Visitor: 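What follows is a structure written as structure tokens; I'll ask about it next.
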Amino acid sequence: MKALPRSWFEGDAVALAPRLLGKVVKKGSCVGIIVETEAYTVDPASHAFKITPRSAPMRDTWGHWYVYFTYGMHFCANVTTNKGGAGAVLIRAVEPVEGIPTMQKRRTTSLKLRGADARSGKSDFPERALCNGPAKFCQAFGITGRENGQPVGEAFGIYDAPEIPKSDFGISGRIDIKKSTELPWRFYIKGSPFVSPVRNQIINRIGRSAL
DNA sequence: TACTGGATTCACT
DNA sequence: GTGAATCCAGTAA
């Protein structure tokens, strides 16, 4: 497997987001296939719309991890793009391939920390629920603020794989359409059971006919 | 310094 | 379908 070079991320986030589908993300023993991505450039819903110290990597780097903390409890992982501009691609969902026991342990531990259903002792944590959301992916892969600002590399990298044909991926909008201006910049591999469960909400809101 | 709200997830009804 | 969890960045004063 060959890691994608930094130069791979020089282009526009909207162009790169669908090309990331099917690529392999690897961190430690955990390996997965990217099945859902979302492009962020300078639209109002993006941290790049108004650059702050937190979001500066979106403007200043490409091929780096931009990991931010949200809702008081979750991390979301992006790869910065747009050399000479501002942009990033959010990894929304991943199909687990290797390191599944580790992912299950991390996800289960996380649930217990929240005081949720610890009684069940979910050793059989459902595989499809491991990484089917941006914060779930971060939990399962052990991604935290420590990874923020690091270059995409060998230790925590994205590896090349054949491109997904255009006919095999779908496009939808963002969930907060009032704020995010209905930009159809969310990409997912059709038929994958591992895409984010909010995809259906999004599709329903913007209307299937728009797709 | 104080306040507001978020690129989410999960349990519960 | 709804609301709680939880804390930090950003903003206003």
Side-chain angles (χ1 to χ4, degrees), chain A residues 13-14 16-18 20-21 25 34-60 64-82 86-94 96 103-104 106-122 124-149 171-188 194-206:
Chain A
V14 178
L16 293 180
L20 275 172
L21 294 176
V25 60
I34 299 171
V35 295
E36 188 177 356
T37 60
E38 191 164 299
Y40 282 90
T41 58
V42 290
D43 65 281
S46 169
H47 292 179
F49 185 65
K50 186 176 183 183
I51 294 292
T52 64
R54 177 177 69 161
S55 63
M58 290 180 79
R59 177 197 59 198
D60 299 335
H64 282 61
W65 292 104
Y66 169 46
V67 182
Y68 65 88
F69 188 64
T70 189
Y71 288 100
M73 47 182 17
H74 298 303
F75 288 98
C76 292
N78 302 249
V79 193
T80 59
T81 60
N82 292 68
V89 177
L90 171 69
I91 297 178
R92 288 199 60 89
V94 163
M103 297 182 199
Q104 286 173 322
R106 285 180 178 140
R107 293 277 288 122
T108 306
T109 301
S110 171
L111 286 178
K112 284 180 178 174
L113 283 174
R114 289 193 57 203
D117 195 7
R119 296 172 299 280
S120 67
K122 294 178 179 175
D124 57 339
F125 197 100
E127 197 174 315
R128 74 164 56 201
L130 280 176
C131 306
N132 63 341
K136 294 177 182 180
F137 161 62
C138 286
Q139 272 178 10
F141 276 66
I143 300 163
T144 66
R146 285 195 305 274
E147 281 70 28
N148 184 37
I171 303 171
S172 66
R174 299 233 186 88
I175 191 159
D176 187 349
I177 59 176
K178 276 186 291 186
K179 206 170 176 183
S180 61
T181 64
E182 297 183 60
L183 294 169
W185 289 350
R186 193 186 294 242
F187 305 92
Y188 59 93
F194 300 98
V195 295
S196 165
V198 300
R199 179 169 63 86
N200 287 333
Q201 296 176 31
I202 297 156
I203 291 171
N204 289 335
R205 287 203 190 190
I206 67 174

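Naming convention: chains lettered A, B, ... in sequence-line order (proteins, then strands); numbering from 1 in each chain. Source: prediction; values computed, not measured.
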Visitor: If you restrict it to nitrogen or oxygen atoms, what contacts under 3.5 Å exist between nucleotides 5-7 of chain B and the protein, and what is each distance?
Guide:
from	atom 1	to	atom 2	distance (Å)
B:dG6	N2	A:Tyr71	N	3.4
B:dA7	OP1	A:His47	NE2	3.3
B:dA7	O4'	A:Tyr40	OH	3.4
B:dA7	N9	A:Tyr68	OH	3.1
B:dA7	N7	A:His47	NE2	3.2
B:dA7	N6	A:His47	N	3.4
B:dA7	N1	A:Asn78	OD1	2.5
B:dA7	N1	A:Asn78	ND2	3.4
B:dA7	N3	A:Tyr68	OH	2.7

Visitor: Taking atom C1' in both B:dG5 and C:dG3, what distance in whole Å separates the two?
Guide: 16 Å
Visitor: Which residues pass the side chain to side chain contact (heavy atoms under 4.5 Å, CB included) test with A:Ala13, not counting sequence neighbours?
Guide: A:Ala39, A:Thr41, A:Thr81, A:Asn82, A:Val89
Visitor: Identify, with sequence neighbours excluded, every residue that meets ring-ring contact (aromatic ring centres under 6.0 Å, His included) alongside A:Trp65.
Guide: A:Phe156
Visitor: Applying side chain to side chain contact (heavy atoms under 4.5 Å, CB included), can you list everything that pairs with A:Cys138, at least two apart in sequence or on another chain?
Guide: A:Phe75, A:Ala77, A:Ile143
Visitor: Tell me which pairs pass salt bridge (Lys or Arg N to Asp or Glu O under 4.0 Å) where either residue lies in residues 41-51 of chain A, with sequence neighbours left out.
Guide: A:Asp43-A:Arg174
Visitor: Nearest whole angstrom, please: distance from the P of C:dC8 to the CG of A:Asn148.
Guide: 14 Å
Visitor: Expressed as a whole number of angstroms, how long is the span from A:Arg128:CZ to B:dC10:P?
Guide: 14 Å
Visitor: Report each atom pair, protein N/O against N/O of nucleotides 11-13 of chain C, whose distance is under 3.5 angstrom.
Guide:
from	atom 1	to	atom 2	distance (Å)
C:dT11	OP1	A:Lys50	NZ	3.3

Visitor: Mind checking what makes side chain to side chain contact (heavy atoms under 4.5 Å, CB included) contact with A:Pro96, not counting sequence neighbours?
Guide: A:Ile100, A:Met103, A:Glu127, A:Leu130, A:Cys131, A:Phe194
Visitor: Any side-chain heavy-atom pair from A:Tyr188 and A:Arg92 closer than 4.5 angstrom?
Guide: no
Visitor: Any pair with a residue in residues 129-145 of chain A that passes salt bridge (Lys or Arg N to Asp or Glu O under 4.0 Å), sequence neighbours left out, goes on the list, sorted by first then second residue, please.
Guide: none
Visitor: List in chain and number order the residues that pass ring-ring contact (aromatic ring centres under 6.0 Å, His included) with A:Tyr40, two or more places apart in sequence or in another chain; answer none if no residue qualifies.
Guide: none
Visitor: Could you spell out the base pairing of DNA chain B in dot-bracket, with Watson-Crick or G-U pairs whose two distances are under 3.5 Å, [ ] crossing and | to another strand?
Guide: ||||||.|||||.
Visitor: How would you list, by chain and number, every residue that makes a side chain to side chain donor-acceptor pair (under 3.5 Å) with A:Ser55, sequence neighbours excluded?
Guide: A:Thr52
Visitor: Only counting residues at least two apart or in another chain, list the ones meeting side chain to side chain donor-acceptor pair (under 3.5 Å) with A:Ser46.
Guide: none
